[in-house]
J.: 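First, the structure itself, so that you have it in front of you.
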Amino acid sequence: LDAARQPAAADARPVVREVLETATGSDALQRAHALKLHQELEQLEGYALLLLEAYRDPTAQPKGRQLAVMTCKHVITRNWSGRNGYRMSDQEKKSTKDTVLRLISSAGELPFLTELALVLRRICRFDFPLNWAELGQHLLGEFQSIQGPEHLNDRGLAAIKLLHHVLKEQSTKRLPRDRNAFYQLGETFLGPIGRVWGMLAQMLKDSQRNNPAALNNERIWEQSRYLDGCFMLLLCGGFGALHEVVGGSTCVANLKEKFVFMLELSKTTELVTQSVYFRKNLKSVSKWMPKLLEKQPLAFAQANVGTILETSAKVIETFGAPLKQQGANAFTHFCELLVYNSVETLTKALGCPAFRPGSEFPESSSGLGQQCNQQMSTFLAGAGIGNLVDLVSAHTLEWPAQDLQEWLADPEDQIAGPGSATELRKAATSFFQVISKEPLQGPFLQHLAQHFQQQMASPPGAQDPYIQADAPTLPVAKRDAMLSLLSICHDALKPHLPFEALMDFLMPFARLLGQGLPQNAPAVLLPVRMCQVLRTWHAKLPGSMVGPVLQMLEDFLDPRCPKAVRLAAMGPVADMASAFPEDMAWCERNLTRSVLNLLMQVQSEEFIWKCLNLATMLLKVCPLDQVDDNHLRCFRQIWQVTLAGTDFVGGALLDLLVELVASVRPLSQNFLFCSNEIAQSCSSHYQAPALNNSSGLSSAALASDLDGAADAGGDESYTATAMLKSGHGLVAALQKVSQAHIAPQRAG
């Protein structure tokens with residue numbers, strides 16, 4: 001370390017090399033010592049340069065070289081702008097950038113190119129392009145030197161990858177000056193990138209016609225994947241109005257043709273299952289298509305918006321099928337991403353003002369706008385709103401049977417049903433919310449009404465199959481999708497569908513519970529989704545329907561019902577308690593006891609907490625006459641869970657006990673003893689002073705000690721302080737209990 005602090009950088013090189021080799025060794029103590037040395041060396045002037053020299057050294061161990069370049073990235077992140085106290089000097093920054101430029105000039109020959117690219121990105125974050133024009137000139141020269149297929153070698157691929165990283169970093173910047181700088185990059189690089197991109201695209205087409213075996217070369221798809229990424233990044237962020245740039249719309253049209261070409265290859269070859277980079281390439285283009293469409297809509301006039309949406313619909317149909325037929329694996333994950341990206345493309349297009357009929361455009365682009373409007377209208381007339389709704393619904397709202405069975409086995413994992421929190425369902429939600437708005441709302445509602453009437457004419461049965469069913473019975477999956485649509489599109493449906501009519505549609509699903517619905521029957525999903533419908537529609541609930549809805553929810557919480565249904569019913573019950581707290585219908589129900597009974601069956605800490613909070617909430621609107629001994633045993637078990645480290649559960653339990661003490665009459669001796677026992681345990685576990693409480697009930701001393709301990713907790717023991725204050729709240733509630741509120745001791 002002393003040698004490293006000497007002015008001569010050469011004296012520090014052996015120390016740095018030794019630190020790197022030790023840090024990658026097998027001795028844990030030596031690794032820890034090397035890490036400490038590294039932290040001290042980090043603020044040494046020129047340390048980033050020493051790390052880059054260690055990375056470049058061919059005689060060093062590979063692990064040491066990799067660690068050197070990875071460490072360099074972190075040093076630059078912390079020291080370039082002085083985030084860690086030490087700020088690199090301007091001269092040190094210039095030397096570092098010059099060294100990185102020399103390294104990337106021979107990047108095709110160096111190992112760990114990805115790690116070197118991350119170092120490059122860190123510097124670009126701070127200095128490119130405004131303070132590092134040399135990097136742009138270097139990358140431009142590299143692309144200009146690619147004149148033929150023979151130049152797409154290691155060096156050519158390295159240049160493509162490095163430019164991809166540079167553009168990706170630039171795309172993350174949001175300041176106006178950075179956006180303007182990106183526009184300058186767009187003008188500079190569009191021609192060179194477009195030329196190389198076109199050359200590679202032609203190579204792929206020639207190979208398909210003349211030498212199909214050449215398409216099995218993984219390297220060519222690696223080049224294609226990163227070159228497409230560069231092209232997409234530049235077109236999305238490098239121009240304010242791509243349609244006004246000479247050749248800009250042609251670039252979009254060429255990208256569309258490339259996408260269609262790759263989709264055809266996925267059908268006619270084995271590339272989609274055998275080539276990793278082919279899948280990455282196809283996935284990347286499908287991901288960027290909706291982003292490009294959103295940022296540069298008028299540039300799609302030449303490519304034809306309608307044909308792009310037709311392609312997206314075909315992708316959903318083609319790659320959505322494996323999602324239902326196969327279990328989760330790498331291929332189905334790939335298919336899911338393609339379906340997701342295609343749904344996003346449809347959503348962005350249908351929601352884009354530039355494509356909607358009646359949109360107004362500046363005079364300079366009115367022709368393109370009208371052209372896009374016409375293309376969209378032609379697509380919708382041919383595809384049909386109803387067909388689009390059915391297509392997206394079938395492949396995003398109907399889940400594989402395997403997923404359904406896994407959910408039935410553990411419904412606590414997803415309280416709203418299988419797939420309720422997936423990215424694919426979120427994309428579907430956005431799509432349906434867009435298509436249910438004007439000017440598409442009329443055809444959408446008409447199509448939904450047809451499904452509505454069809455399902456009302458064929459009531460569900462407890463033994464209905466999930467996917468396939470004989471006419472006139474509809475499969476559970478179709479009914480589930482319809483219920484999901486009622487939830488997603490509630491804003492569009494509410495002005496046209498009275499709540500009473502909605503309840504007529506929902507009641508057959510509720511009646512399934514009276515047909516002896518088995519715990520593992522697919523039809524269990526229907527009342528669960530029905531609960532989500534009630535949650536989105538409860539604000540429109542007329543006063544006359546509060547009682548019937550509460551009665552139905554109490555039936556859902558019955559211990560004889562499947563656990564999945566009981567869990568799902570908690571949501572709408574809480575919503576009803578918030579929206580209609582003063583309705584007299586609560587007095588006729590026993591929902592609080594139903595929730596306490598459910599509490600005894602849930603396993604996860606999250607649902608224990610939810611049940612406790614819901615019971616506390618319901619006690620204010622739906623009083624409880626007594627607390628059973630079974631509930632007391634459950635409370636004691638929950639408290640033991642709290643002592644094991646789940647304080648948030650314990651806090652909810654203490655709040656519930658306080659509410660029970662205040663509202664239940666009469667209070668049993670067993671309940672009072674249990675409450676007092678938990679209060680004393682709270683004091684002991686969270687380090688309140690020792691308490692002397694020999695009576696069966698809590699004393700003023702107990703309350704005083706708990707309060708004092710809570711106030712003395714301080715910031716360092718916030719959780720303990722909160723728990724002690726909750727415990728004090730319980731003690732204070734117990735102190736207010738008079739003898740008249742206590743039930744007589746039972747004989748025996």
Side-chain angles (χ1 to χ4, degrees), residues 320 323-324 386-387 389-408 411 414-420 422 424-425 428-429 432 436 444-490 493 497 499 501-537 552-553 555-556 561-562 564-565 567-569 571-572:
L323 297 179
K324 298 181 181 180
N387 292 334
V389 169
D390 290 344
L391 174 70
V392 176
S393 174
H395 296 293
T396 61
L397 300 182
E398 298 177 19
W399 297 95
Q402 180 178 341
D403 289 2
L404 174 67
Q405 292 303 319
E406 291 176 356
W407 170 75
L408 287 170
Q414 298 181 75
I415 188 173
S420 54
T422 62
L424 188 58
R425 189 178 182 90
T429 298
F432 289 118
S436 64
F444 170 77
L445 293 178
Q446 185 178 4
H447 180 73
L448 210 61
Q450 293 175 359
H451 282 296
F452 195 89
Q453 296 298 330
Q454 180 188 11
Q455 294 200 17
M456 286 196 72
S458 175
Q463 302 301 324
D464 286 352
Y466 180 63
I467 297 178
Q468 295 180 343
D470 298 328
T473 302
L474 287 171
V476 170
K478 294 294 182 185
R479 298 185 188 275
D480 175 40
M482 181 64 186
L483 289 169
S484 295
L485 285 173
L486 290 175
S487 292
I488 293 170
C489 305
H490 61 94
L493 290 169
L497 181 63
F499 191 86
L502 175 68
M503 285 299 293
D504 289 340
F505 178 79
L506 296 178
M507 284 309 297
F509 303 120
R511 295 190 190 105
L512 290 173
L513 299 174
Q515 301 176 20
L517 190 62
Q519 294 276 353
N520 61 348
V524 167
L525 181 58
L526 300 178
V528 170
R529 296 286 197 213
M530 178 181 165
C531 289
Q532 300 309 305
V533 176
L534 292 174
R535 297 205 69 180
T536 54
W537 283 74
M552 182 176 62
L553 291 173
D555 294 340
F556 280 18
C561 284
V565 177
L567 291 173

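In this text, all values refer to a predicted model and were calculated from it rather than measured experimentally.
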J.: Between Tyr466 (side chain) and Ala521 (backbone), is there a donor-acceptor pair under 3.5 Å?
T.: no

J.: Under a 3.5 Å distance rule, please check whether Gln414 uses its side chain to pair with a backbone N or O of Gly419 as donor and acceptor.
T.: yes

J.: For Thr396, enumerate each residue passing the side-chain hydrogen bond (donor to acceptor under 3.5 Å, both in side chains) test, keeping only those at least two apart in sequence or located in another chain.
T.: none

J.: So which heavy atom on Leu517 is nearest to which on Pro562, and how close?
T.: O-CG, 3.8 Å

J.: Would you say that more than 12 heavy atoms from the other residues, nucleotides or ligands in this model lie under 6.0 Å from the CD of Gln450, or not?
T.: yes

J.: Search all heavy atoms of Met530 against all heavy atoms of Leu483 and return the closest pair with its distance.
T.: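 Closest heavy-atom pair between Met530 and Leu483: N-CD1, 4.3 Å.
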
J.: Minimum heavy-atom separation for Leu485 to Leu493, with atom names?
T.: O-CD1, 4.3 Å

J.: Heavy atoms, side chains only, cut-off 4.5 Å: are Glu398 and Asp480 in contact?
T.: no

J.: Which atom names give the shortest non-hydrogen contact between Gly417 and Ser420, and what distance separates them?
T.: O-OG, 2.9 Å

J.: For Leu526 and Pro460, which heavy atoms make the closest approach, and how far apart are they?
T.: CD1-CB, 4.2 Å

J.: Is Asp464 close to Arg479 at the side-chain level, that is, under 4.5 Å between some pair of heavy atoms?
T.: yes

J.: Hey, could you give me the SG/CG distance between Cys531 and Leu553, rounded to the nearest 0.5 Å?
T.: 6.5 Å

J.: Only distances under 3.5 Å count here; give the side-chain donor-acceptor pairs of residues 501-516 to other protein atoms, sequence neighbours excluded, each with its distance to 0.1 Å.
T.:
from   : atom 1 : to     : atom 2 : distance (Å)
Gln515 : OE1    : Ala462 : N      : 3.3

J.: If we ignore angles and hydrogens, is there a donor and acceptor under 3.5 Å between the side chains of Asn387 and His447?
T.: no

J.: Can a side-chain donor-acceptor contact be found between Glu406 and Gln402 if the only test is distance below 3.5 angstrom?
T.: yes

J.: Taking C-beta and beyond as the side chain, do Trp399 and Leu323 meet within less than 4.5 Å on heavy atoms?
T.: no

J.: Quick one: closest heavy-atom pair of Cys489 and Phe444, and the distance?
T.: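 Taking every non-hydrogen atom into account, SG-CZ, 3.5 Å.
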
J.: Tell me, please, which residues at least two apart from Pro418 pass side chain to side chain contact (heavy atoms under 4.5 Å, CB included).
T.: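 So Pro418 forms a side chain to side chain contact (heavy atoms under 4.5 Å, CB included) with Leu404, Trp407, Leu525, Arg529.
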
J.: Tell me every residue that passes salt bridge (charged side-chain N to carboxylate O under 4.0 Å, His left out) with Arg535, counting only those two or more places apart in sequence or in another chain.
T.: Asp575

J.: Do Phe556 and Pro527 come within less than 4.5 Å of each other through their side chains, counting heavy atoms only?
T.: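 A side-chain contact exists here, since the closest heavy-atom pair is under 4.5 Å.
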
J.: Between Leu397 and Met482, is any pair of side-chain heavy atoms under 4.5 Å apart?
T.: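 Leu397 vs Met482: side chains apart.
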
J.: State the CG-CG distance between Leu486 and Leu497, to the nearest 0.5 angstrom.
T.: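 Reported to 0.5 Å precision, the distance equals 7.5 Å.
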
J.: Under the side chain to side chain contact (heavy atoms under 4.5 Å, CB included) rule, collect the residues that match up with Asn520, sequence neighbours excluded.
T.: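 Expected list: Pro518.
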
J.: Is any side-chain heavy atom of Ser393 closer than 4.5 Å to a side-chain heavy atom of Phe432?
T.: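 They are in side-chain contact.
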
J.: Who are the side chain to side chain contact (heavy atoms under 4.5 Å, CB included) partners of His490, not counting sequence neighbours?
T.: Lys494, Thr536, Trp537

